Protein chains: 2
Amino acid sequence: MPPRPGLSKAELEIARIVWELKDAGVRQVFEALPPGRDIDFTTVQTYLRRLEEKGYLNARLEGRNRVYSPKVRPSTVIRETVGEMVDLLFGGDTMPLMKHLVEDRKFSSNDIEQLRQLLDRLEGGGDGK
Amino acid sequence: MPPRPGLSKAELEIARIVWELKDAGVRQVFEALPPGRDIDFTTVQTYLRRLEEKGYLNARLEGRNRVYSPKVRPSTVIRETVGEMVDLLFGGDTMPLMKHLVEDRKFSSNDIEQLRQLLDRLEGGGDGK
DNA sequence: TTGACTCAATTACAATTGTACGTCATCATG
DNA sequence: CATGATGACGTACAATTGTAATTGAGTCAA
């Protein structure tokens, strides 16, 4: 198969809502938009249709309503999106992104502790290259 | 001022080359493309022009050649791009991205050590919220 | 001095994206 | 039943993006 086409920003926004709702009709997604996000109902319809066409969502007919549910797992989309960004921004090298994040974004000491533990859990699993 | 329009993928690719070269004419950028990246000279020209229009690059005339140099610093572009992605993918929350990266990308034990040190250096500087 | 080249500048054009409209069917209710 | 709300579905359309062709001036070498 050809690799899935990527998601556009607006599509990603909508996909996230479906992931969260697990299972949702157009109206539900529409209503789950953050306040201030002012787009038309039919626009949401369009995004959902495109997401289905691109293979990211399943759609079934419930009565005469279309109900969408995730098809590709969020973690997959995240991996692809992040991977693409790492390629684009850092030539595929993850460490610079890590450095940027650690230095640039604010973490609470709680976060820092969590990160330490994540790293600890890694040790031994890595290929140690 | 209106906020700078974002960079497209192709533009980012070209911007990265300019950052690296510090100062470059179209030809140089063109030649710095990775082997296999097969786009036309004039296409590169177009991207550089757009980058200038969008305010990311400076251009000066050297003889009758246009020489481009960075105007917005890479770190700024990186911050914006990463920030946008964090918003889109994780609703603005950085930690899930960190987790994803740590769990999903392969790090050498050397990398892990470096990350630990980064975290250590943070402690005390963070707002500890 | 005539090609062969090289650039800049302009223009083009298809694909993708963000956004919405129009039409038609269905349903519930006054 | 007429009417208003709701949705599916198809269509539209401008902006952005990825990519290139065209045109015209300047430079170099034969």
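All values derive from a computational prediction rather than experimental measurement. FYI, side chains are in, hydrogens and waters are out, and symmetry mates aren't considered; it's all heavy atoms of this structure. Throughout, a chain's letter reflects where its sequence line sits, starting with A, and its residues are numbered from 1.
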**Asked** With sequence neighbours left out, which residue pairs that include part of residues 108-117 of chain A fulfil the salt bridge (charged side-chain N to carboxylate O under 4.0 Å, His left out) condition?
**Response**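 Every salt bridge (charged side-chain N to carboxylate O under 4.0 Å, His left out) pair that includes a residue of residues 108-117 of chain A, provided the two are not neighbours, is A/Glu113-A/Arg116, A/Arg116-B/Asp120, A/Arg116-B/Glu123.
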**Message:** Applying salt bridge (charged side-chain N to carboxylate O under 4.0 Å, His left out) as the test, list every pair that has at least one member in residues 62-78 of chain B; sequence neighbours left out.
**Reply:**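 Every salt bridge (charged side-chain N to carboxylate O under 4.0 Å, His left out) pair that includes a residue of residues 62-78 of chain B, provided the two are not neighbours, is B/Glu52-B/Arg66, B/Arg60-B/Glu62.
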What is the distance, rounded to the nearest whole Å, between atom [atom1] of [X] and atom [atom2] of [N]?
X	N	atom1	atom2	value
B/Glu62	C/dT6	CD	P	19 Å
B/Tyr68	C/dC7	OH	C1'	11 Å
A/Asn65	D/dC9	CG	C1'	13 Å
A/Glu52	D/dG10	CD	P	11 Å
B/Glu31	C/dC5	CD	C1'	14 Å

**Item:** Side-chain (B/Glu20) to main-chain (B/Ile17) donor-acceptor, under 3.5 angstrom
**Value:**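 Pair absent, no side-chain N/O of B/Glu20 close to backbone of B/Ile17.
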**Item:** Pairing residues for B/Glu80 by the side-chain contact (heavy atoms from CB on, under 4.5 Å) criterion, not counting sequence neighbours
**Value:**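 Counting only residues at least two positions away or on another chain, B/Glu80 forms a side-chain contact (heavy atoms from CB on, under 4.5 Å) with B/Arg4, B/Tyr56, B/Thr76.
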**With sequence neighbours excluded, residues passing side-chain contact (heavy atoms from CB on, under 4.5 Å) with B/Gln45** =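 side-chain contact (heavy atoms from CB on, under 4.5 Å) check on B/Gln45 returns B/Val26, B/Phe41, B/Thr42.
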**Request:** Using side chain to side chain contact (heavy atoms under 4.5 Å, CB included) as the criterion, point out the one residue from B/Asp23, B/Leu51, B/Leu48 that pairs with B/Val18.
**Result:**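 Among the candidates, only B/Leu48 passes.
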**Prompt:** Quick one: do A/Met98 and B/Met95 end up in the same hydrophobic cluster if we chain Ile, Leu, Val, Met, Phe, Trp and Tyr together by side-chain heavy atoms under 4.5 Å apart?
**Reply:**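 Result: yes, single cluster for both.
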**Message:** Taking the basic N atoms (NZ, or NE/NH1/NH2) and the acidic carboxylate oxygens, is any pair closer than 4.0 Å for A/Glu13 and A/Arg37?
**Reply:**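 Between A/Arg37 and A/Glu13 there is a salt bridge, with a charged N closer than 4.0 Å to a carboxylate O.
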**Prompt:** Under a 4.0 Å heavy-atom cut-off, which of residues 6-30 of chain B touch DNA chain D?
**Reply:**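 Heavy-atom cutoff 4.0 Å gives B/Ser8, B/Lys9, B/Ala10.
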**Message:** Within residues 34-49 of chain B, which residues have any heavy atom lying less than 4.0 Å from an atom of DNA chain D?
**Reply:**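 Those residues whose heavy atoms fall under 4.0 Å from DNA chain D, taken from residues 34-49 of chain B in numerical order, are B/Arg37, B/Ile39, B/Asp40, B/Thr42, B/Thr43, B/Thr46, B/Tyr47.
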**Prompt:** Any N or O donor-acceptor pair linking the side chain of A/Arg50 to the base of C/dT19 at under 3.5 Å?
**Reply:**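 Counting by modelled atom types and ignoring angles, a donor-acceptor contact under 3.5 Å is found here.
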**Request:** Could you tell me whether A/Arg64 contacts a base, only the sugar-phosphate backbone, or nothing, with contacts defined as non-hydrogen atoms closer than 4.0 Å?
**Result:**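 Base contact.
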